[in-house]
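Below is one structure, written out as structure tokens; comments come after it.
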Amino acid sequence: MEFVDDQLTFEELGNHLKSSGCHVANMSSLDFSAKNGIGGCLTRLLRKFLKVTLDDADMSILASWYCGHMECTPVVLIIEDMERCCASVLSNFILMLSKWVVKIPVILLMGVATTFDAPGNMLSSNALLCLRTCKFVLGSPTQRMDAIAEAVLLRPCSWFSVGHKVALFMRDYFLKHDGTLTSFIRALKIACMEHFSSEALSFLLKDIDAEDDFQEIWKEKHAFIQDMVLKYSSELLSCRSDNVGAPTSENLVQAIGELKRLHQRWATVVKCLQEAGKLQRVRLLDLYSEALDPDVHRSMISDNQGESSSRNGSFSSQHGGFSKRTSTFKAVHKVRDLPSAALSELLNSWERHAVDICEIRDKVKELQVLMNSEDTKSSGNDLVNVSMRSRGTDAPKDPKVLNKKAVALIEWMLQDQMKPIESFPFHEILCFKTVEKLQTALLGDPRKRIQADLLGFQKYLHCNCCSTRGSRLLPSLHDTSILYILAQEHGDIINVHDWFQSFKAIHVNPPTKSRSKSKHSSTPKKKKDIEHFNNHSEAAIQARFCKAISELQVTGLLRMPTKRRPDFVQRVAFGL
């Protein structure tokens, strides 16, 4: 496992065991050091359970504490990295626990970083005799990634989805960058956050999976905001085509119901493809990305309409839509070569996934009935041979007739039941498609973003003075922004004295318009403002100047003066 993914493994495992009623103590390799010895190890163990530090640590204290709970749950000790522990201390600790095992049932969970024979090479023979060992291996990052993708993106209760480009980026980000599960989860969280913060109608997702009918929820819960929802619906790109008229309450409710039904069918077909691709080690995220591509689906439909004989049960690569789906082609091609027993298991898994989709479930059951009838007729002989004899024909033997029917079934599911989400009206409600936002959040260009924010601060502040300033710099601007804008007038080397004088002139001298107006106005307020500018402390200006330079240095836009050239600073970043 990757270190980044493994950081919280034992902590989450301990929390899970605690929720099951176990007494859990997480111990590190530092607790089993030669310096502390067995006494220090026992002291730390008692501190974990009793929450106090005892000068005279003894196992009898732990036994009394355990008996006082009157529970039968075991004590679980989690040692995160066994190989970093002192071998003699850990062996003596195990021998000590074995003497008290009747009163204190103990389970040791030890993390091994190298091989499974590490405990045998490290612990003493007496300590090994006290252990009844079992081993388990956590799934690979790819397997765990597929499990998370299935739980988040394909589970019926989770209607949140991502677009084709976003799915491709998430897959490439996982494979080509650090390849850690943590990065994939982070990408999913950011995509979900960006969707719900940017899409105005995303709040409807919480009502799609409600037990009550969405039409009733729409009438009762959203009665006061229907006009606003319809207004935003008319601005969706998927609703601007000629085929989709102006949204009304009726067609919006109908469209969301249809969106829910088609999305459920789409997810079911992806799960069926995943079952077929497991034998070929096809990743779920690859299948998911290909299934989201609307261009591939359109080309597949056009190829199917252009060739009336395309549905012959053979998943050939001559169709453009299929040839572009490499992972899908691998998954379906494997079905043709499956033995009878494996094909039966595959159909059973399809039936489980399609339990709520009547059309798919009925076709799968028809194929299962056909397979069961052939098994009954065969009486231990070849399945296809008995099928041919039962028909009373002299047709040539074809042992893969059921495999061809299974291929034809999944081809039908791909063409008729797997319409991509981005081709649905109102799909923006549940589908996040802005891959640029995800790229900026995950990959980003922080230095470029900082430069853009310093130069375009008025977009965030929205103050009246900045909006009307034109090209003039006002004292009300942030000091860091003033300095960075003034730095654009210099090259890669900036004279600190000239820079400070320009900065000082902005704060000491009033703006041009204010000076011109003050000549024609002798009001006390204007005179007071002029005095304020003139009496501005130069020490305060120097302090603000130094603070702004420090901020530019921290953000990586500036390199401080050196001993050779103490009067000059160097710009690090240029342009956007």
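For the single chain, residues carry numbers from 1 onward in sequence order.
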Are Cys192 and Lys189 packed together at the side-chain level, in the sense that at least one heavy-atom pair is separated by less than 4.5 angstrom?
no
Which residues share a side chain to side chain donor-acceptor pair (under 3.5 Å) with Glu83, sequence neighbours left out
Thr114
From CZ (Phe169) to CG (Leu438), nearest 0.5 Å:
5.0 Å
So do Glu290 and Ser327 actually touch side chain to side chain, heavy atoms under 4.5 Å?
yes
Checking the side chain of Asn403 only, and the main-chain atoms of Leu338 only, is there a donor and an acceptor separated by less than 3.5 Å?
yes
Flag the pair Lys330 / Thr328 as yes when at least one side-chain heavy-atom distance between them is below 4.5 Å, and no otherwise.
no
Find the distance between CG (Leu414) and CG (Leu409) and round it off to the nearest 0.5 Å.
10.0 Å
Please answer whether the main-chain N or O of Leu201 pairs with a side-chain N or O of Glu199 as donor and acceptor at a distance below 3.5 Å.
yes
State whether a side-chain donor-acceptor pair under 3.5 Å links Glu551 with Thr480.
yes
So Trp412 and Gln417, side chain to side chain contact (heavy atoms under 4.5 Å, CB included) or not? Walk me through it.
CA-CA 7 Å; Trp412 169 80; Gln417 304 294 318; 3.5 Å; yes
Taken to the nearest 0.5 Å, the spacing of Tyr173 OH from Leu442 CG works out to 4.5 Å
For side chain to side chain contact (heavy atoms under 4.5 Å, CB included), just list the numbers for Lys271 and Glu275, CA-CA rounded to whole Å, side-chain angles, deciding distance to a tenth of an Å, and then say yes or no.
CA-CA 6 Å; Lys271 291 179 182 179; Glu275 296 291 342; 5.8 Å; no
Are side-chain heavy atoms of Ser19 and His16 found at a separation under 4.5 Å?
yes
Kindly indicate whether the side chain of Met418, heavy atoms from C-beta on, has any atom under 4.5 Å from the side chain of Leu273.
yes
For Gly111 and Phe10, work out which heavy atoms get closest and say how close.
CA-CZ, 3.7 Å
Taking the side chain as every heavy atom from C-beta outward, state whether Thr555 and Leu454 have any atom pair closer than 4.5 Å.
no
Intermediate values then yes/no, side-chain hydrogen bond (donor to acceptor under 3.5 Å, both in side chains), His427 and Lys433:
CA-CA 10 Å; His427 69 269; Lys433 302 188 299 180; 3.0 Å; yes
Contacts of Tyr288 that satisfy ring pair (Phe, Tyr, Trp, His ring centres under 6.0 Å) - sequence neighbours left out
Trp266
Separation of Ile360 CD1 from Arg265 CZ (nearest 0.5 Å)
6.5 Å
So, do Lys437 and Thr440 sit near enough that their side-chain heavy atoms are less than 4.5 Å apart?
no
Run the salt bridge (charged side-chain N to carboxylate O under 4.0 Å, His left out) check on Arg171 and Asp286 step by step: do they pass?
CA-CA 7 Å; Arg171 184 195 64 182; Asp286 293 336; 3.4 Å; yes
Of all heavy-atom pairs linking Ile357 and Gln264, the shortest is CD1-CG, 4.0 Å
Scanning both residues in full, the closest heavy-atom pair of Leu109 with Val76 reads CD1-CG1, 3.9 Å
Shortest non-hydrogen separation from Leu153 to Ser161 and the atoms involved:
CD2-CA, 4.5 Å
Can you list the residues that meet the side chain to side chain donor-acceptor pair (under 3.5 Å) rule with Gln368, with sequence neighbours excluded?
Asn348, Glu351
With rounding to the nearest 0.5 angstrom, report the OG1 to CG distance, Thr268 to Asp356.
7.5 Å
Presence of salt bridge, Glu258 and Arg261, under 4.0 angstrom:
yes
Any donor-acceptor pair under 3.5 Å from Ser197 side chain to Met193 backbone:
yes
Atom pair CD (Glu428) and OG1 (Thr434), whose distance is rounded to the nearest 0.5 Å:
10.0 Å
Go through the steps for Ile78 and Met110 under the test side chain to side chain contact (heavy atoms under 4.5 Å, CB included), then give the verdict.
CA-CA 6 Å; Ile78 299 178; Met110 298 185 291; over 6 Å; no
Which is it for Gln274 and Glu150 under the side chain to side chain contact (heavy atoms under 4.5 Å, CB included) test, yes or no, and what are the steps along the way?
CA-CA 10 Å; Gln274 181 192 13; Glu150 181 180 0; 3.8 Å; yes
Kindly give the heavy-atom pair with the smallest separation between Cys431 and Val162, and that separation in Å.
SG-C, 3.6 Å
Can you see which heavy atom on Gln451 is nearest to which on Leu557, and at what distance?
CG-CD2, 3.7 Å
Below 4.5 Å, heavy atoms only, C-beta onward: do Leu430 and Ile421 meet side chain to side chain?
yes
Check: Val355 main-chain N/O paired with Arg361 side-chain donor or acceptor under 3.5 Å:
yes
Using atom types as modelled and distance alone, determine if a side-chain donor or acceptor of Glu422 lies under 3.5 Å from a backbone N or O of His164.
yes
